[in-house]
> 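One structure coming up, written as structure tokens, with questions to follow.
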Protein chains: 2
Amino acid sequence: MVKYVVNNASNLTMTADQLSNIFSALADPTRRAILARLALGETSVNELAAPFEMSLPAVTKHLKVLQRAGLISQSRQAQSRPCKLEAKPLQEVATFLAQYQQFWEQRLDQLDSYLLSLNLKENE
Amino acid sequence: MVKYVVNNASNLTMTADQLSNIFSALADPTRRAILARLALGETSVNELAAPFEMSLPAVTKHLKVLQRAGLISQSRQAQSRPCKLEAKPLQEVATFLAQYQQFWEQRLDQLDSYLLSLNLKENE
DNA sequence: AACATATTTAACCATATGGTTAAATATGTT
DNA sequence: AACATATTTAACCATATGGTTAAATATGTT
């Protein structure tokens, strides 16, 4: 009987694998909105927080989650800590998706040929 | 001051938006392993559970999460409830990623031209 | 009907997550 | 030095998540 080793972290405070961190980070709408803002360009925590009806510490926590996933980085500019979107984790998601791309493209193809067959019948 | 409405669910038991459900479902390595197995074809809960060192009810719960995200569907075949991978949510992830694809492709391009410039210098 | 097989549900538990307010820290300005 | 601005940390809280074991349910076989 084969057992998959699903997570190789050996210590008890299990550090989730990177892909899990990335997907967890993306699983929150506030964080996705923050990323969408950052796609427009680097900006401060205050400006990132402004649109949301939550406290600044809550936003800081979201940024920590995004940082743990490698999705953003922060620098220093006077008192401000501007945040920047980082591309690499998104590429990892793309790589993950690629495993399945064939699968769902195939299914689309099946749909295509089904629609095509309907079409052919119509024109008979 | 603009406030984003990040989640439009009005009742207190907030039903997270679909994209959040999908990313949450993908954020667990056991569930990603289950999806990987299902990419090979439909199979029973027992067979899905076999490789993991956890109880069957734990696997059932993971399947529930995958189902809530629309990533799998279950049918009935005698006592068995075979699971099948569903493509649509993965397409939604792809759509989400597409928003950023330009961003990270651009960054790769920048790396490319940097490497190219190094190359040119080398050949001077 | 009784038993077997496949799966789910219920009740429970420990830890993670996403929020809060109050206080602390880092940097810049007067 | 004192104050202002930007952000983070600490302590706390309610709910979600991912696991457990025991019992229930659905279907098939004898």
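No hydrogens, no waters, no symmetry mates; every other heavy atom, side chains included, goes into these values.
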> Separation of A:I34 atom CD1 from C:dG18 atom C1', in whole Å?
12 Å
> In this structure, how many angstroms lie between the P atom of C:dT17 and the NE2 atom of A:H62, rounded?
12 Å
> Looking at B:S80, I'd like to know whether one of its side-chain N or O atoms comes within less than 4.0 Å of OP1 or OP2 on C:dA6.
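No.
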> With a 4.0 Å cutoff (strictly under), does any side-chain N or O of B:N46 reach OP1 or OP2 of C:dT5?
no
> Please examine the side chains of B:F23 and A:D28, heavy atoms only from C-beta on, and report whether any two atoms are closer than 4.5 Å.
no
> Could you check how far CZ of B:R81 sits from P of C:dA6, rounded to whole Å?
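Rounded to whole Å, this separation is 15 Å.
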> To check you understand the geometry: which heavy-atom pair defines the closest contact between A:L66 and A:A25, and what is its length?
CD2-CB, 4.2 Å
> With respect to the side chain of A:A78, which nucleotide from C:dT21, C:dT8, C:dT27 is positioned closest?
C:dT27
> Just to be sure I understand the rule, does B:A58 reach a base, reach only the sugar-phosphate, or reach nothing, if contact means heavy atoms closer than 4.0 Å?
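B:A58: base contact, heavy atoms under 4.0 Å.
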> In whole Å, I'd like the distance from the CG atom of A:L63 to the P atom of D:dA6.
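To the nearest whole Å, that distance equals 16 Å.
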> Hey, which sits more toward the 5' end of DNA chain C by its nearest nucleotide, A:P57 or A:R31?
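Its nearest nucleotide lies further toward 5', so the answer is A:R31.
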> Map B:Q74 and A:R76 onto DNA chain C by nearest heavy atom, then report which one ends up closer to the 5' terminus.
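That would be B:Q74.
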> Taking A:Q79's backbone N and O only, do any of them form a donor-acceptor pair with A:R76's side chain (distance below 3.5 Å, no angle check)?
yes
> Among C:dT8, D:dG18, C:dG18, which nucleotide sits nearest the side chain of B:V45?
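Given the options C:dT8, D:dG18, C:dG18, the side chain of B:V45 is closest to C:dT8.
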> Could you state the CE-C1' distance from B:M54 to D:dG18, rounded to the nearest angstrom?
8 Å
> Can you find a heavy atom in the side chain of B:S24 that is under 4.5 Å from one in the side chain of B:V65?
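They are not in contact (no side-chain heavy atoms under 4.5 Å apart), so the answer is no.
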> By nearest atom, which of the nucleotides D:dA11, C:dT27, D:dT20 is closest to the A:K61 side chain?
D:dA11
> Round to a whole Å and report the spacing from CG of A:D28 to P of C:dA16.
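The distance from CG of A:D28 to P of C:dA16 comes to 18 Å, rounded to the nearest Å.
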> Atom CD of B:E53 and atom C1' of D:dG18: how far apart are they, to the nearest Å?
16 Å
> I'd like to know if the side chain of A:S20 and the backbone of B:A27 have a donor-acceptor N/O pair within less than 3.5 Å.
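Checking the backbone N and O of B:A27 against the side chain of A:S20, a donor-acceptor pair under 3.5 Å is found.
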> By the definition side chain to side chain donor-acceptor pair (under 3.5 Å), identify the one residue from B:Q67, B:E86, B:E42, B:K84 that meets it with B:S73.
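The residue from B:Q67, B:E86, B:E42, B:K84 that satisfies side chain to side chain donor-acceptor pair (under 3.5 Å) with B:S73 turns out to be B:E86.
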> C:dT9 phosphate, OP1 or OP2: any side-chain N/O from B:K64 under 4.0 angstrom?
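Checking C:dT9 against B:K64, a side-chain N or O does come within under 4.0 Å of OP1 or OP2.
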> Partner of D:dA11 by Watson-Crick or G-U wobble geometry, both contacts under 3.5 Å, or none?
C:dT20
> Let's see if you can work this out: which of C:dG28, C:dT8, D:dG18 has an atom nearest to the side-chain heavy atoms of A:Q79?
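Taking heavy atoms from C-beta onward, the closest nucleotide is C:dG28.
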> Find the distance B:E47:CD to C:dT5:P and express it as a whole number of Å.
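Computing the B:E47:CD to C:dT5:P distance gives 17 Å.
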> Only pairs with both distances under 3.5 Å count, Watson-Crick or wobble alike; so what is the partner of C:dA26 in this structure?
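Pairing partner: D:dT5.
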> So B:S44, base contact, sugar-phosphate only, or nothing? Heavy-atom distance under 4.0 Å.
sugar-phosphate
